[in-house]
Amino acid sequence: MSSLLVDDIGELVTNEPGGEGGPLGIRRGVALLVEDGRVAWIGPSRDAPAADRRLDARGAAVLPGFVDSHAHLVFAGDRAAEFAARMAGQPYTGGGIRTTVGATRAAGDDELRATVRRLRDEALRQGTTTMEIKSGYGLTVADEARSLRIAAEVSEETTFLGAHVVPAEYADRPDDYVGLVCGPMLAAAAPHARWIDVFCERGAFDVDHARAILACGQAVGLGVRVHANQLGPGPGVQLGVELGAASVDHCTHLTDADVDALASTRVDGGHTTVATLLPGAEFSTRSPYPDARRLLDAGVTVALATDCNPGSSYTSSMPFCVALAVREMRMTPAEAVWAATAGGARALRRDDIGRLGVGALADLIVLDAPSHLHLAYRPGVPLIRQVLRNGVLQ
């Protein structure tokens, strides 16, 4: 049994009950023991047990690794020109997805694999130890299946998003495409996926099609996620709550009924539908930011994620999203850090990540700073000094 002692921790964010900082559960003057990839002990530094190896945090803050519960890494091509056009005033409509679909279909496996690994490694260097990865840029049976096979090489949190948009060849036959998604495409994709997702939005899938697709995914054992209420008010949030979705994502345009529905899912001992906010998308599209304060004050569980994709949010940086959430979405630094760690874990229905308590995976980051506050206080600065995943220094 190998062991590692992380000591001289200035501030330990545990996301566990007790300690300072409310839900962050901050402890000071402590050390943390890792055995076989999991947290085995936390206590005063003076009482630290012996270990095979030692990691000196040098008085810095130690946090759970970030949990990025919404990312689109399997793609080919570049949409920098589209970004430049938006910065010049062109509105975002989601139509550029089909551009990426064409490039992805034309790419070989090695090209797609290289992109996935590059972005996954990029995120890891910035403290993301768990990353959900969606398909959705293939939109054929073979391309969706291979996208998920490639995603599964680097993450166990894979999501079938064959219902991203209706591809051009089915533009006049959306019912036929829904039949394809629910039939041969789902059959080919499900062995490589944990989740199913639908872009329930104008220009993508209406509520009836979305409900049918998600129900088919549930029938074969996939958990539900929903792209909801990004481009305008719509039925996506209510549909997600109806189906017991783990997460509804974007949540930019919400009615009072949407907020109430999300808040109503907070049931002791049961599952919560998390509102996953993606501020990188609003930054990149010059759209209104979600009102996180409204959700938090209503008691909704909130997560933060990057939405890393080539069109509307080409960032893999969770620290950047934390800073945006604090500056633009009226979250406190503590709320944003919790949402980027424990909130992401809730959105993936995981209790072994997003926290640092005995029994949790030893996924943690050491900041080049004395406090979690610096993630928002010093935006754009590379503050992630060290990353451990399953107790292994990356």
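The figures here come from the full heavy-atom set of this structure, side chains too, leaving out hydrogens, waters and symmetry mates. The structure displayed is predicted, hence computed values, not measured ones.
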Original post:
Can you name the one residue among Thr276, Val67, Leu277 that meets side chain to side chain contact (heavy atoms under 4.5 Å, CB included) with Leu304?
Top reply: Leu277
Original post:
Do you know which of Leu73, Val154, Val116 makes side chain to side chain contact (heavy atoms under 4.5 Å, CB included) with Met131?
Top reply: Leu73
**OP:** Taking Gln238 for its side chain and Pro235 for its backbone only, find out whether a donor-acceptor pair lies under 3.5 Å.
**Re:** no
Original post:
Between the main-chain N or O of Leu243 and the side-chain N or O of Gln218, is there a donor-acceptor pair closer than 3.5 Å?
Top reply: yes
Minimum heavy-atom separation for [X] and [Y], please, with both atom names.
X	Y	answer
Ser313	Ala281	OG-N, 3.5 Å
Leu278	Asp249	CD1-CB, 4.3 Å
Pro167	Arg105	CB-NH2, 3.6 Å
Pro279	Met329	CB-SD, 4.0 Å
Pro333	Leu373	CB-CD2, 3.6 Å
Val300	Ala275	CG1-CB, 3.9 Å

Subject >> Verdict with supporting geometry, Glu11 and His372, side-chain contact (heavy atoms from CB on, under 4.5 Å) >> reply: CA-CA 8 Å; Glu11 172 188 280; His372 71 280; 3.0 Å; yes
Salt-bridge test for [X] and [Y]: reply yes if a basic N is under 4.0 Å from a carboxylate O, no otherwise.
X	Y	result
Arg211	Glu242	yes
Asp197	Arg225	no
Asp352	Arg350	yes
Glu35	Arg53	no
Asp291	Arg294	no

Considering only heavy atoms from C-beta outward, does the side chain of [X] approach that of [Y] to under 4.5 Å?
X	Y	answer
Thr130	Thr128	no
Leu5	Leu55	no
Val241	Asp258	no

Would you say [atom1] of [X] has more than 12 non-hydrogen atoms from neighbouring residues, nucleotides or ligands within 6.0 angstrom?
X	atom1	answer
Asp172	CG	no
Arg118	CZ	yes
Arg378	CZ	no

Is there a donor in the side chain of [X] and an acceptor in the side chain of [Y], or the other way round, less than 3.5 Å apart?
X	Y	answer
Gln126	Ser317	yes
Glu282	Thr252	yes
Arg79	Thr100	yes
Ser2	Asp52	no

**OP:** Begin with the C-alpha distance, continue with both residues' side-chain angles, and end with the deciding distance and a verdict on side-chain hydrogen bond (donor to acceptor under 3.5 Å, both in side chains) for His250 and Asn229.
**Re:** CA-CA 6 Å; His250 287 291; Asn229 300 58; over 6 Å; no
Original post:
After noting the C-alpha distance and the side-chain angles of Leu148 and Phe160, does the key distance pass the side-chain contact (heavy atoms from CB on, under 4.5 Å) rule?
Top reply: CA-CA 7 Å; Leu148 287 162; Phe160 169 46; 3.9 Å; yes
If I take atom [atom1] from residue [X] and atom [atom2] from residue [Y], how far apart are they, to the nearest 0.5 angstrom?
X	Y	atom1	atom2	answer
Asp36	Asn390	CG	CG	11.0 Å
Leu161	Ile133	CG	CD1	13.5 Å
Glu144	Thr104	CD	OG1	9.5 Å
Leu214	Leu222	CG	CG	10.0 Å
Leu12	Glu20	CG	CD	11.0 Å

Original post:
Does NZ or CZ of Arg86 fall inside the cone over Phe83's six-membered ring, less than 6.0 Å from its centre and within 45° of the axis?
Top reply: no
Original post:
Between His70, Arg194, Glu132, which is the residue that forms a side-chain hydrogen bond (donor to acceptor under 3.5 Å, both in side chains) with Thr159?
Top reply: Glu132
**OP:** Begin from the C-alpha positions of Thr306 and Asp68 and carry the test side-chain hydrogen bond (donor to acceptor under 3.5 Å, both in side chains) through to its verdict.
**Re:** CA-CA 7 Å; Thr306 64; Asp68 187 350; 2.6 Å; yes
**OP:** Check step by step if salt bridge (charged side-chain N to carboxylate O under 4.0 Å, His left out) holds for Arg117 and Glu122.
**Re:** CA-CA 8 Å; Arg117 293 184 180 277; Glu122 186 178 277; over 6 Å; no
**OP:** Tell me, with the steps shown, if Asp175 and His209 meet side-chain hydrogen bond (donor to acceptor under 3.5 Å, both in side chains).
**Re:** CA-CA 8 Å; Asp175 289 347; His209 283 159; 2.7 Å; yes
Original post:
Parallel, tilted or perpendicular: which describes the rings of Phe283 and Phe320, with under 30° parallel and over 60° perpendicular?
Top reply: perpendicular
Original post:
Parallel, tilted or perpendicular: which describes the rings of His72 and Tyr137, with under 30° parallel and over 60° perpendicular?
Top reply: tilted
